[in-house]
Amino acid sequence: MGSFGRLTSVKDLPPKAELIKLVKKAMALNDDGVKAPHMTNRKKRPALPVPKDLAAALAKSATAREHFDAFSPSARREYIEWITEAKAPETRLRRLTTAVEWIGEGKRRNWKYENC
């Protein structure tokens with residue numbers, strides 16, 4: 001638990017006065033809008049180019065194209081990687097067909113696991 005080490009009981013917490021001081025300091029940082037260092041140093045990944053076969057399939061379905069354009073970059077990346085990782089042409093075609101169907105319904109790539 002941060003700088004407290006391993007907490008196994010309430011007795012492992014610092015004294016009450018010190019804990020209150022730390023909480024007030026954290027509240028002040030939140031009010032000032034200070035972000036944690038790990039959240040400010042993120043590098044954006046470049047967008048993957050949409051494969052020609054996926055672009056052609058999306059062009060045939062207006063609703064699928066609208067949903068795909070509305071997806072976040074990570075959701076688009078998941079579909080693009082899934083399709084381009086297929087080794088056999090038959091697998092790629094099957095994934096492409098499934099992807100266009102799911103995108104047309106507005107589903108993200110791993111939609112089955114979103115509400116677990």
Side-chain angles (χ1 to χ4, degrees):
M1 291 296 301
S3 61
F4 299 128
R6 183 172 179 192
L7 300 175
T8 56
S9 70
V10 177
K11 294 177 185 176
D12 295 336
L13 290 172
K16 188 174 183 176
E18 185 181 342
L19 192 59
I20 290 173
K21 184 178 168 183
L22 290 171
V23 169
K24 286 184 180 181
K25 184 179 177 182
M27 289 171 51
L29 289 172
N30 281 340
D31 291 341
D32 293 341
V34 177
K35 298 285 183 190
H38 70 279
M39 297 185 79
T40 57
N41 295 334
R42 288 187 173 174
K43 293 181 182 177
K44 291 192 175 187
R45 293 165 52 176
L48 287 177
V50 178
K52 292 179 183 179
D53 50 356
L54 177 59
L58 291 173
K60 294 178 184 176
S61 173
T63 56
R65 185 67 198 184
E66 289 174 14
H67 285 296
F68 188 77
D69 290 339
F71 281 158
S72 65
S74 61
R76 281 181 267 171
R77 177 180 291 277
E78 287 175 349
Y79 272 114
I80 292 170
E81 287 178 347
W82 182 53
I83 291 169
T84 56
E85 287 173 353
K87 294 176 183 156
E90 301 84 25
T91 306
R92 186 176 177 123
L93 182 62
R94 189 171 53 248
R95 288 183 182 182
L96 186 63
T97 305
T98 305
V100 171
E101 178 185 334
W102 287 351
I103 293 169
E105 296 173 10
K107 295 178 179 177
R108 292 174 46 117
R109 164 75 179 89
N110 293 307
W111 59 271
K112 297 177 203 174
Y113 309 106
E114 288 180 355
N115 295 322
C116 289

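Values in this document were obtained by computation on a predicted structure and should not be read as measured data.
Note on Leu48: it clusters hydrophobically with Leu54, by side-chain heavy-atom contacts below 4.5 Å among ILVMFWY residues. Hydrophobic clustering (ILVMFWY, side-chain heavy atoms < 4.5 Å, transitive): Leu29 and Leu19 are in distinct clusters. No single ILVMFWY cluster, assembled from side-chain heavy atoms under 4.5 Å apart, contains both Leu22 and Val34.
In terms of heavy-atom proximity, Ala64 sits nearest to Val100 at CB-O, 4.0 Å. The minimum heavy-atom distance linking Val50 with Ala55 is given by the pair CG1-N, 3.9 Å.
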Please list every donor-acceptor pair under 3.5 Å in which a side-chain atom of residues 77-85 meets a protein atom from a residue at least two apart or in another chain.
residue : atom : partner : partner atom : Å
Arg77   : NH2  : Pro46   : O            : 2.4
Tyr79   : OH   : Lys107  : O            : 2.8
Tyr79   : OH   : Arg108  : O            : 3.3
Thr84   : OG1  : Ile80   : O            : 2.8
Thr84   : OG1  : Glu81   : O            : 3.3

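In terms of the ring pair (Phe, Tyr, Trp, His ring centres under 6.0 Å) criterion, residue partners of Trp111 (sequence neighbours excluded) are, by chain and number, Trp102.
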Evaluate side-chain contact (heavy atoms from CB on, under 4.5 Å) for Glu105 paired with Thr63, printing each intermediate quantity in order. CA-CA 8 Å; Glu105 296 173 10; Thr63 56; over 6 Å; no
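Not a single donor-acceptor pair under 3.5 Å links the side chain of Asp69 to the backbone N or O of Glu66.
Between Phe71 and His67, the ring-plane angle classifies as tilted under the 30° and 60° cut-offs.
Separation of atoms OG (Ser61) and CZ (Arg65) is listed at 10.5 Å; rounding is to 0.5 Å. With rounding to the nearest 0.5 angstrom, the OG1 atom of Thr97 is 12.0 Å from the CZ atom of Arg92.
With contacts defined as side-chain heavy-atom distances shorter than 4.5 Å, the pair Lys24/Ile20 qualifies.
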